[in-house]
2 protein chains.
Amino acid sequence: MSEGLPPSPGSSPTLEDVARAAGVSRATVSRVINGIRNVDPAIQETVRRAIAATGYVPNQAARSLVTRRTGAIALVVSGAGDESGEDPFPGQVFADPFFGRVAGGVVGFLRPRGVHPILMFAETDETRAQVLTYLRQGNADGAVLVSTNADDPLPRLLVDAGLPAVLFARPPEPLPISYVDVQHRAGAKLAADHLVARGCRRIATISGPLAVLAGQDRLAGFRDAMAMHGHPYIPCVEGRFTYPSGEAAMERLLAEHPDVDGVFVANDVMAQAALMVLRHHGRRVPEDVAVVGFDDSSAALACRPPLTTIRHPVEDMAAEMARLLLAHIEEPDRQPTSVIFEPSLVVRESA
Amino acid sequence: MSEGLPPSPGSSPTLEDVARAAGVSRATVSRVINGIRNVDPAIQETVRRAIAATGYVPNQAARSLVTRRTGAIALVVSGAGDESGEDPFPGQVFADPFFGRVAGGVVGFLRPRGVHPILMFAETDETRAQVLTYLRQGNADGAVLVSTNADDPLPRLLVDAGLPAVLFARPPEPLPISYVDVQHRAGAKLAADHLVARGCRRIATISGPLAVLAGQDRLAGFRDAMAMHGHPYIPCVEGRFTYPSGEAAMERLLAEHPDVDGVFVANDVMAQAALMVLRHHGRRVPEDVAVVGFDDSSAALACRPPLTTIRHPVEDMAAEMARLLLAHIEEPDRQPTSVIFEPSLVVRESA
DNA sequence: CTCACCACAGAGAGCGCTCTCTTCCTCTTC
DNA sequence: GAAGAGGAAGAGAGCGCTCTCTGTGGTGAG
């Protein structure tokens with residue numbers, strides 16, 4: 001204990017300091033910290049005590065330099081902001097409860113594993129390049145990506161760069177990359193079956209943007225199912241998954257088809273808007289018009305009446321997406337995998 | 001060019017490789033990359049070409065090791081999840097448009113500066129410790145913190161640890177730490193003045209959680225202003241800034257004070273719920289009951305009628321918060337600063 | 001013509017950690 | 001009792017970068 005000087009003043013203690021305090025070598029301290037066997041329990045104890053005494057905290061940069069791992073991944077929201085191009089702040093996306101659920105699911109999975117998400121937006125070529133550079137610099141070990149439009153070039157760029165990445169939703173063009181998705185068509189079929197079973201006869205739909213696969217699939221699935229029920233023609237107005245677009249779509253639907261008695265709306269946010277419009281026009285829901293949404297997001301519960309909707313297990317999907325990414329990081333040669341989730345019908349009061 | 005082997009296969013090129021390709025020393029390449037003067041323009045050009053040829057990307061870990069900077073900051077949401085303790089996923093907070101605006105403002109400021117936010121949640125002692133360790137390990141250079149409850153211990157922990165941090169909202173106990181805030185009382189006064197000027201006589205309020213300073217201040221400010229207008233007693237029901245709590249509060253207000261003709265609701269989300277309840281009870285807005293919200297969030301525009309509200313410049317505040325944090329990181333001995341923003345009245349149709 | 005001075009480039013010492021390689025020592029085993 | 005096996009600890013070489021220090025050639029002043 002004669003040379004027990006407090007580590008160097010000002011700067012934080014290093015492995016070396018701990019080693020000296022414990023009277024062992026740097027390597028041994030490292031072994032203890034990283035939980036590698038082959039260390040005498042008594043020495044382990046001594047080292048642990050020395051760590052506590054010195055207040056040692058490992059330096060992540062030094063560690064990353066040799067392990068080539070950062071313990072961080074990029075959570076990229078891509079193609080956002082295009083719609084409202086004048087916005088000086090990115091991340092209006094957050095306003096959508098959908099994104100919140102994705103982030104929640106990702107964090108829920110990563111946190112117990114000591115991995116942290118770095119929030120990134122990529123809506124222009126420049127910002128996409130930024131994401132790529134960021135990953136190549138080794139700031140993050142991989143990326144999970146939520147695209148908001150179908151022609152997003154980022155998935156391809158990531159594949160070409162050989163960077164570990166997982167998508168939320170199937171890429172429009174076939175790409176050797178892992179992704180998670182939900183069976184949009186099956187979900188839409190549940191909605192169709194429910195509306196028909198309820199006795200609705202004049203059924204219409206408000207679709208999502210047809211530039212997005214989810215929008216296309218939900219519409220196609222709905223139409224297919226309705227055709228099976230003997231309704232070959234289903235009026236449709238295209239929305240953009242946003243509240244205002246849902247409002248406009250419902251207004252138009254009502255103007256063109258005043259006798260409508262059942263509507264499948266491709267997401268809850270637009271369904272909420274539709275409900276508002278229906279009420280405004282004096283239509284009772286579900287008596288006059290039954291409405292089924294999609295997502296089972298927080299918006300569904302904020303609706304009056306509470307929204308009957310198709311449950312989209314976003315949190316579970318996001319967690320799975322994170323799981324896949326870690327697997328790819330761990331094992332770079334792993335084959336791409338897709339995990340498809342089942343939607344389910346949640347009956348509330350609107351239909 | 002005789003020893004012009006492609007950098008080591010598999011691994012990415014290093015400074016050394018670029019230096020060799022350009023026929024200069026590592027130091028010179030480093031100078032060029034970091035834009036330090038004293039480099040012959042011709043050599044700069046050669047180096048730049050070599051960088052392009054080798055596809056060199058600097059390794060951030062190596063850089064961080066010596067500079068002691070990561071170019072990342074933690075974006076911490078603290079005290080979240082307590083309310084709905086049963087939630088397996090953190091980050092329901094995201095559902096609140098407020099958080100989205102903060103994230104957007106922070107990212108908007110940081111991104112042009114090459115700094116990235118790491119998303120963290122801290123709702124328990126364990127996760128708070130995690131945040132602290134994370135920062136101490138040098139994973140991030142500092143933290144911006146959004147607390148959702150007043151007795152959050154994290155600000156104090158950050159101060160005690162001497163870590164650069166900036167808060168969104170004044171800490172309840174005086175603490176040597178920088179923060180940004182809005183004049184809640186002045187905003188509430190604007191609402192009071194507007195309701196009175198409109199001719200409302202039986203005015204009530206739905207406050208935010210009184211455990212939060214913002215909740216307290218908005219209520220106090222509103223009551224003070226109303227007292228100045230000769231209304232010493234203002235009925236109040238406490239909400240929790242959430243949609244369901246706003247609903248319940250409005251129901252109760254209506255039950256206890258059926259003659260109410262003006263309501264100040266402490267945030268837009270609750271105001272939206274209040275509007276729904278009023279309509280349900282057949283009250284016309286603004287004819288029968290005028291409603292003023294607070295925040296001017298996206299919820300205000302989704303309301304029918306569109307919500308008259310107090311504008312809370314969240315994005316600007318978030319950007320300022322990020323600016324302050326970078327300043328503190330740059331200059332560790334900087335004195336704590338507070339920046340207080342002015343709210344303003346946004347008149348729409350609800351009042 | 002000499003010398004101080006400046007502008008620029010290179011050499012090389014780390015930053016703090018991990019991990020392989022080596023050494024040492026204690027057990028078995030015949 | 002000697003030899004081999006195997007477990008546990010230390011030595012030391014980097015990981016890729018920044019940055020200080022040193023060296024060198026060219027310029028202007030004395």
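A note on names: the letters A, B, ... follow the listed sequences, proteins ahead of strands, and every chain is numbered from 1. Keep in mind that what you see is a predicted model, and the values were worked out from it rather than measured.
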Expressed as a whole number of angstroms, how long is the span from [X]:[atom1] to [N]:[atom2]?
| X | N | atom1 | atom2 | answer |
| --- | --- | --- | --- | --- |
| B/N139 | C/dC17 | CG | P | 13 Å |
| A/R63 | D/dG14 | CZ | P | 22 Å |
| B/D17 | D/dG16 | CG | P | 9 Å |
| B/E16 | D/dC15 | CD | P | 10 Å |
| B/L15 | C/dG12 | CG | C1' | 14 Å |
| A/Q60 | C/dC15 | CD | P | 19 Å |
| B/R20 | D/dC17 | CZ | P | 12 Å |
| B/R136 | C/dG16 | CZ | P | 17 Å |

Spell out, as yes or no, whether a donor-acceptor pair under 3.5 Å connects the side chain of [X] to the backbone of [Y].
| X | Y | result |
| --- | --- | --- |
| B/S178 | B/T337 | yes |
| B/N149 | B/D151 | no |
| B/R26 | B/T14 | no |
| B/D141 | B/I73 | no |
| B/Q44 | B/V39 | yes |

Heavy-atom contacts, protein to nucleotides 19-25 of chain D, under 4.0 Å, summarised as B (base), S (sugar-phosphate only) or - (none) per nt, yield BB-----
Can you check whether [X] reaches [Y] side chain to side chain, under 4.5 Å on heavy atoms?
| X | Y | value |
| --- | --- | --- |
| B/T70 | B/N139 | no |
| B/M317 | B/E320 | no |
| B/I33 | B/I51 | yes |

message: For the residue pair B/D152 / B/S78, report whether a side-chain donor-acceptor contact shorter than 3.5 Å exists.
response: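 Indeed, the side chains of B/S78 and B/D152 share at least one donor-acceptor pair under 3.5 Å.
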Closest nucleotide of DNA chain C for B/L65 versus for B/T28: which of these residues is on the 5' side?
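Final value for this comparison: B/T28.
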Self-check item: Residues B/R111 and A/E123 bridged, charged N to O under 4.0 Å
Solution: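 Yes, this pair counts.
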Heavy-atom count around A/E126 CD within 6.0 Å, excluding the residue itself: above 12?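 No, CD of A/E126 has 12 or fewer neighbouring heavy atoms, counting only those of other groups under 6.0 Å.
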Within the sub-3.5 Å range, which N or O atoms of nucleotides 5-8 of chain D have a protein N or O partner, and how far apart are they?
| residue | atom | partner | partner atom | Å |
| --- | --- | --- | --- | --- |
| D/dA8 | OP2 | A/N38 | OD1 | 2.7 |

| Bend across the helix from C/dC1-D/dG30 to C/dC30-D/dG1, to 10°, with axes taken over 5 pairs at each end? |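 What I find for the helix from C/dC1-D/dG30 to C/dC30-D/dG1 is an axis angle of 50°.
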Exercise for review: Give the nucleotide from the list C/dC17, D/dC17, C/dG10 with an atom nearest to the side chain of B/T14.
Suggested key: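 Nucleotide nearest to B/T14's side chain: D/dC17.
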